[in-house]
Student: 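One structure, as structure tokens, below. Some questions next.
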Amino acid sequence: MSANEAVNTLRNRPDIMMPEFKGSDGFEERYMRERMVELAFEGQRFWDVRRWKKGADLFRNVSVATFRLDEDGHLMLNRAVKTRQWDEKYYLYPIPQAEIQKNSNLTQNPNW
């Protein structure tokens, strides 16, 4: 089964009936978007972004919404973009020092 066929199997379910993926132009971007939509609210997004090494692109500037009451008691919505720190070291966890002491062949992951 090709990658397009696998995605189309999901998209052709009777309760979904979405247009099929065709061709290979931009497949990676379409696939990443498909995973974001298909697995929404299942806690996979963070791990996908780390696995694809797209953290600097997707997690550095984050859109946030804040609510406040104005002087008349009306609820006001403010949208803003917050800049957050993303270092390349976040793609790997640090190895606990106790594990490094147990096995001298282990070395710490970069920048930890």
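When reading the values below, keep in mind they use all heavy atoms of this one structure, side chains included, and skip hydrogens, waters and symmetry mates.
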Student: Check this for me: Arg84, atom CZ, are more than 12 non-hydrogen atoms of other residues, nucleotides or ligands nearer than 6.0 Å?
Tutor: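 Incorrect, the count does not exceed 12.
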Student: Going through the distances and angles, do Lys102 and Glu99 end up as a salt bridge (charged side-chain N to carboxylate O under 4.0 Å, His left out)?
Tutor: CA-CA 5 Å; Lys102 289 179 193 174; Glu99 297 302 318; 3.1 Å; yes
Student: Transitively linked via ILVMFWY side-chain contacts under 4.5 Å: Val49 with Trp47?
Tutor: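 Looking at the clustering, Trp47 is in the same group as Val49.
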Student: Measuring only between side-chain heavy atoms, which start at C-beta, is Arg11 closer than 4.5 Å to Glu20?
Tutor: no
Student: State yes or no: are the ring centers of Tyr91 and Trp86 separated by less than 6.0 Å?
Tutor: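 Yes, the ring of Tyr91 comes within the 6.0 Å limit of the ring of Trp86, centre to centre.
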Student: Any luck finding a side-chain donor-acceptor pair between Glu88 and Asn111 under 3.5 Å?
Tutor: no
Student: What's the verdict on side-chain contact (heavy atoms from CB on, under 4.5 Å) for Met1 and Thr9, showing C-alpha distance, side-chain angles and the deciding distance?
Tutor: CA-CA 10 Å; Met1 180 181 289; Thr9 299; 4.1 Å; yes
Student: At their closest point, which heavy atom of Pro110 faces which heavy atom of Leu92, and how far apart are they?
Tutor: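 So the two residues come closest at CD-CD1, 4.1 Å.
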Student: Measuring from atom NZ of Lys54 to atom CG of Asp48, what distance do you get when rounded to the nearest 0.5 angstrom?
Tutor: 12.0 Å
Student: Honestly curious: do Ile95 and Trp112 fall in one hydrophobic cluster under the side-chain, below-4.5 Å linking rule?
Tutor: no
Student: To the nearest 0.5 Å, what is the distance between CZ (Phe67) and CG (Leu75)?
Tutor: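 With rounding to 0.5 Å, CZ (Phe67) is 6.5 Å from CG (Leu75).
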Student: Say whether, by atom type as modelled, one donor and one acceptor occur between the side chain of Asn103 and the main chain of Asn105 under 3.5 angstrom.
Tutor: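 It does hold such a pair.
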Student: Is the shortest side-chain heavy-atom distance between Leu69 and His74 below 4.5 Å?
Tutor: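 A side-chain contact is absent here, since even the closest heavy-atom pair is not under 4.5 Å.
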Student: Please say whether more than 12 non-hydrogen atoms of neighbouring residues, nucleotides or ligands are located less than 6.0 Å from CZ in Arg13.
Tutor: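 Counting neighbours around CZ of Arg13, more than 12 heavy atoms of other residues, nucleotides or ligands fall under 6.0 Å, so yes.
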Student: Answer yes or no: is there a side-chain heavy-atom contact under 4.5 Å between Thr66 and Arg79?
Tutor: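 A side-chain contact under 4.5 Å is absent here.
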Student: Surrounding CZ of Phe59 (heavy atoms of other residues, nucleotides or ligands, distance under 6.0 Å), is the total greater than 12?
Tutor: yes
Student: Is the backbone of Ser2 close enough, under 3.5 Å, to the side chain of Glu5 for a donor and an acceptor to pair up by distance?
Tutor: yes
Student: Please round to the nearest 0.5 Å and tell me the distance separating atom CE of Met36 and atom CZ of Arg33.
Tutor: 4.5 Å
Student: Same cluster or not: are Phe27 and Trp52 linked, directly or through other Ile, Leu, Val, Met, Phe, Trp or Tyr residues, by side-chain heavy atoms under 4.5 angstrom apart?
Tutor: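 The answer is yes; both residues are in one hydrophobic cluster.
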Student: Locate the shortest heavy-atom distance separating Arg45 from Met32; write the atom from each residue and the value.
Tutor: NH1-O, 4.4 Å
Student: Answer yes or no: does atom CZ of Arg50 have more than 12 heavy-atom neighbours from other residues, nucleotides or ligands under 6.0 Å?
Tutor: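 Correct, the count exceeds 12.
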Student: Would you kindly confirm whether Val64 and Val81 end up in one hydrophobic cluster when ILVMFWY residues are joined by side chain heavy atoms under 4.5 Å apart?
Tutor: no
Student: Would Phe46 end up clustered with Leu58 when hydrophobic side chains under 4.5 Å apart are linked, directly or stepwise?
Tutor: yes
Student: Side chains of Ile100 and Gln108: does their closest heavy-atom pair fall under 4.5 Å?
Tutor: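 Contact flag for Ile100/Gln108 side chains = yes.
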